[in-house]
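Given the structure is predicted, the values throughout are model-derived calculations rather than measurements. Reckoned from all heavy atoms, side chains included, excluding hydrogens, waters and symmetry mates.
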Amino acid sequence: MNHNLFFSVVIPTYNRSAFILKSLDSVFQQDYTNFEIIVVNDGSTDNTLEVLSTITDSRLKIVSIHNSERAAARNRGVEIAKGDYVTFLDSDDKYYSNYLSNANTVLLKKNKPVFYHQAYEVRNTQGKILNYDTGYGNGIKFLLDGNPLSCLGVFIKREEALKYPFVEDRGLSGSEDWELWIRLSVHYGLAKDKTLTACLIAHDTRSVIQIEQDKLLTRKKLLLHYIFQDKKVHEIYGKYENRIISHSYTYIALHLILDGHPLEGIKFLLKAIALHPLCIIDMRMLGIGKHLLLSLFHIIFSRKK
């Protein structure tokens, strides 16, 4: 039995020269050494390539493509990969030293599942822990309520990753991973492990934070369009379409409120509740309630001045 899986770490990057060396260093510092790193430079206009040229480790491969968004960049990395499994790292996040060794142990113990995820935590740029919640529910239905997996911690057998690529529609960017996880989950299930192995860094320039309302609405419509093109997804999840739309509306509501548009946010919140009343017990509602109160308080206080 092979006890030494080979991993391909795929890192898409676009104008992240200030972060990428720390992310790469977290891979080079793994206590498991049987891996390769594929950095896909997605048409960066900063000095990303100059920064990458300082690294001489033979395990690093650098590929440049015209700017095509992260889905295409990850797909390109998977095509080049030689590993038994591909795993992903955004160029502003980092692995802990046990990331690959834990995966090797668990994947072998679980008889090499196709689709696997292990836990990560969220910290801000000062190192403060903001969240450590795997978000796992029983089975795979928890994926209907959002994407707690992110891309961090995900492992896919390379052969299946080639069969099920990320959708490269730029309009879907930001939900392309959630769409793929839903497809993979219905075809292969999802193996999970709660061991903490990585860290997502929350900073103001993360692409998921910088959101325009029209683009967000388009993105959520495209999500439904693409996931239900898969016959098995439609068969298993079709009856939950309102639940998925409701989650999308609460996501939009939260971001509108955070962006200083509480009244618009309330409209989407009411739409979400109308479609799926049980959304009111979702943890996101706590965040929406908190930020809505703060936003309304700010508006009232400003008018009094």
Side-chain angles (χ1 to χ4, degrees), residues 7-32 35-42 44 46 48 51-52 55 57 59-63 69-78 81 83 85-103 115-136 146-156 161 166 173-178 180-181 192-211:
F7 294 107
S8 295
V9 178
V10 175
I11 306 177
T13 188
Y14 174 72
N15 289 352
R16 287 285 184 258
S17 61
F19 296 92
I20 194 166
L21 285 182
K22 289 183 179 179
S23 296
L24 281 169
D25 187 59
S26 76
V27 187
F28 288 128
Q29 296 300 318
Q30 290 296 296
D31 54 26
Y32 184 92
F35 65 85
E36 64 176 357
I37 307 172
I38 302 168
V39 173
V40 183
N41 175 41
D42 188 26
S44 295
D46 65 359
T48 291
V51 169
L52 291 172
I55 303 172
D57 195 300
R59 292 172 294 181
L60 174 64
K61 300 175 183 176
I62 302 168
V63 179
E69 268 296 350
R70 70 204 87 178
R74 292 192 192 106
N75 286 343
R76 179 62 177 143
V78 171
Y85 282 85
V86 292
T87 186
F88 305 99
L89 178 63
D90 285 347
S91 53
D92 41 9
D93 298 327
K94 65 179 183 179
Y95 293 161
Y96 293 143
S97 60
N98 65 333
Y99 183 83
L100 294 178
S101 60
N102 184 75
F115 183 33
Y116 163 70
H117 185 267
Q118 56 191 26
Y120 63 88
E121 64 185 355
V122 181
R123 292 178 181 262
N124 64 18
T125 52
Q126 288 74 47
K128 179 182 178 182
I129 297 176
L130 303 179
N131 185 29
Y132 171 42
D133 180 3
T134 60
Y136 299 145
N147 181 22
L149 306 186
S150 181
C151 269
L152 192 58
V154 166
F155 290 75
I156 311 170
F166 292 96
S173 186
S175 293
E176 79 290 340
D177 50 348
W178 185 21
L180 179 56
W181 306 157
K192 299 166 279 191
D193 182 69
K194 293 186 177 183
T195 305
L196 179 61
T197 62
C199 178
L200 186 149
I201 307 297
H203 57 82
D204 292 339
T205 59
R206 287 196 80 96
S207 56
V208 292
I209 295 174
Q210 300 175 323
I211 289 174

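Minimum heavy-atom separation, Val122 to Ala202: CG1-CB, 4.1 Å. When all heavy atoms are compared, the tightest approach of Arg16 to Thr48 is N-OG1, 3.6 Å.
In this structure the side chain of Ser101 reaches within 4.5 angstrom of the side chain of Asp31, judged on heavy atoms. Contact check for Ser173 versus Arg70: side-chain heavy atoms found under the 4.5 Å cut-off. Leu60 has its side chain within reach of Phe28: a pair of non-hydrogen atoms, C-beta onward, lies under 4.5 Å apart. Side chains of Val39 and Leu24 form a contact here, defined as non-hydrogen atoms less than 4.5 Å apart.
In this structure, the side chain of Glu176 engages the main chain of Gly174 through a donor-acceptor pair within 3.5 Å. In this structure a side-chain-to-backbone donor-acceptor pair under 3.5 Å is present from Thr197 to Ala119. Between the side chain of Thr87 and the main chain of Val154, a donor-acceptor pair closer than 3.5 Å is present. In this structure, Trp181 contributes its side chain and Cys151 its backbone to no donor-acceptor pair below 3.5 Å. With hydrogens and angles ignored, the 3.5 Å screen pairs a side-chain donor or acceptor of Ser23 with a backbone N or O of Asp93.
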Please walk me through it: do Asp46 and Ser17 pass side-chain hydrogen bond (donor to acceptor under 3.5 Å, both in side chains)? CA-CA 7 Å; Asp46 65 359; Ser17 61; 3.1 Å; yes
Candidate pair Tyr32 and Phe7, rule ring-ring contact (aromatic ring centres under 6.0 Å, His included), full reasoning: CA-CA 10 Å; Tyr32 184 92; Phe7 294 107; 5.6 Å; yes
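Checked against the 6.0 Å centroid threshold, Phe155 and Tyr99 count as a close aromatic pair.
Put simply, CG on Leu149 and CD on Gln118 are 12.0 Å apart, with the number rounded to the nearest 0.5 Å.
A salt bridge links Arg74 with Asp90: at least one charged nitrogen is closer than 4.0 Å to a carboxylate oxygen.
Between Phe166 and Phe88, the ring planes lie perpendicular to each other; the angle is over 60°, past the 30° to 60° tilted range.
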